[in-house]
Amino acid sequence: MKPHAANASDRPAPISEDDVIQGMRELQGYFDMTPHDFNILYQKAYALARSRLLRENKAENVMKNPAVAAKDTDSVEALIVLLAERGISGAPVVDASGFVVGVVSEKDVLSALGKKPEAGAMELIRDGIGEPFRVPQTVLQKKVREIMSSPAVAVAQETPLTALAVLFGQKRINRIPVTDENGLLAGIITRADMLDAMSRLS
Amino acid sequence: MATTRIKECLEKMKGVSQAPPRPGSQEIILAFAGSCLALLLIGALHAVCLEQAGLPLLAAPFGASAVLVFGAFRSPLAQPRNVVGGHVLSAFVGVTVYQIVGDSPLLAVSVAVPAAIALMHATSTLHPPGGATAFVGAAGGAGVHALGYWYVLTPCAAGGVLMVLIALVVNNIPKNQRYPQFWT
């Protein structure tokens, strides 16, 4: 993923010289400027505005709060039930004090079941074709902290969107917990939340 | 390569845009009326001042200023700071250059006008009629030279201020017009 600066400025605003001329006509009054010059100034200002919005918008503007979290001492069975009931594919993991200690997701559960991390849900469902599918007790009884990804890639509330975009791109993760000034869980940002935020800003 | 640079320059000469749309008839009529009124008033005062004190108020450069102030009042070049500042600074430059190289009007003008441009740019007071003001200050006639640095005050500063005052009233009469865009 390109650094945010390149992204912000390489998409021109959808405005043509004819738009400018028509605008000048409708506004009345002699504009002492050529439509071309106006357009290049407009494109520049537009790109600057996009960069600024990406900088100014912070994790706390985008995150979901409250975030569903799993406890590190929960059983994997409890985790599976939690994720299923909430309809989410992953969650931050907190310890007894509420500090973020890791992130756990479907991939970690699939891994615990002996599947490769890149395996999709379909592989599991395929296992159930013609065969009863049971989750082994050994897996269900594990603790979340045994299967989670740790340490967590987490950000502070004031982190600008630009930094978040880089993290999602570089780390190939799907969710980033957001912590407050005490390190406690404040919210969660998923890849989908990022996309929504980016499209809102365009 | 030199040839590519030459080709690039020639390419640039083709131009890349088009003229902004011409203003409507209402605006043209108002520009006529405003500048007519301004020059009549300043001209009347000029006649009085010349009689009383031999101090002129009107000069050719003010015809040029009227074009900007009434014909293109939105332009950054037509704002009060530019009208007054531009004329004052250019007049100063013109008279000064005459003092130094006045023996050759051609040289004087060739130095005074560019100097006026540079000074106006550096002070954010660029006003095209300033070039004319500097030209007249450097080349004369005799009446201008006789004024010496008084030329800066009358007609240049005084004329500029008067034109701005009239424009402040006339240009703001129509609902969708405003003048000035800025003071500083």
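Letters A, B, ... mirror the listed sequences (proteins, then strands); counts begin at 1.
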### Task
Answer yes or no: is there a donor N or O on one side and an acceptor on the other, between the side chain of B:Y179 and the main chain of B:V69, under 3.5 Å?
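It does not hold such a pair.
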
### Message
So does A:K71 get a backbone contact from the side chain of A:D74, meaning a donor-acceptor N/O pair under 3.5 Å?
### Response
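Yes, A:D74 side chain to A:K71 backbone: donor-acceptor pair under 3.5 Å.
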
### Query
Between A:D127 and A:K115, does at least one N-O distance fall below 4.0 Å, as a salt bridge requires?
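A salt bridge links A:D127 with A:K115.
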
### Task
First locate atom OG of A:S111, then atom NZ of A:K116, and finally report the distance between them rounded to the nearest 0.5 Å.
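Interatomic distance, A:S111 OG to A:K116 NZ, rounded to 0.5 Å: 10.5 Å.
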
#### Entry: Interface residues of residues 133-163 of chain B facing chain A - non-hydrogen atoms under 4.5 Å apart
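Result: none.
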
What side-chain donor-acceptor pairs closer than 3.5 Å can you find for residues 16-43 of chain B, not counting sequence neighbours?
residue, atom, partner, partner atom, Å
B:S17, OG, A:H36, N, 3.1
B:E27, OE1, A:G29, N, 3.1
B:E27, OE2, A:Y30, N, 3.2
B:S35, OG, B:A31, O, 2.6
B:S35, OG, B:F32, O, 3.2

#### Entry: Test log, rule side chain to side chain contact (heavy atoms under 4.5 Å, CB included), inputs B:H127 and B:R81
CA-CA 9 Å; B:H127 187 59; B:R81 175 203 172 94; over 6 Å; no

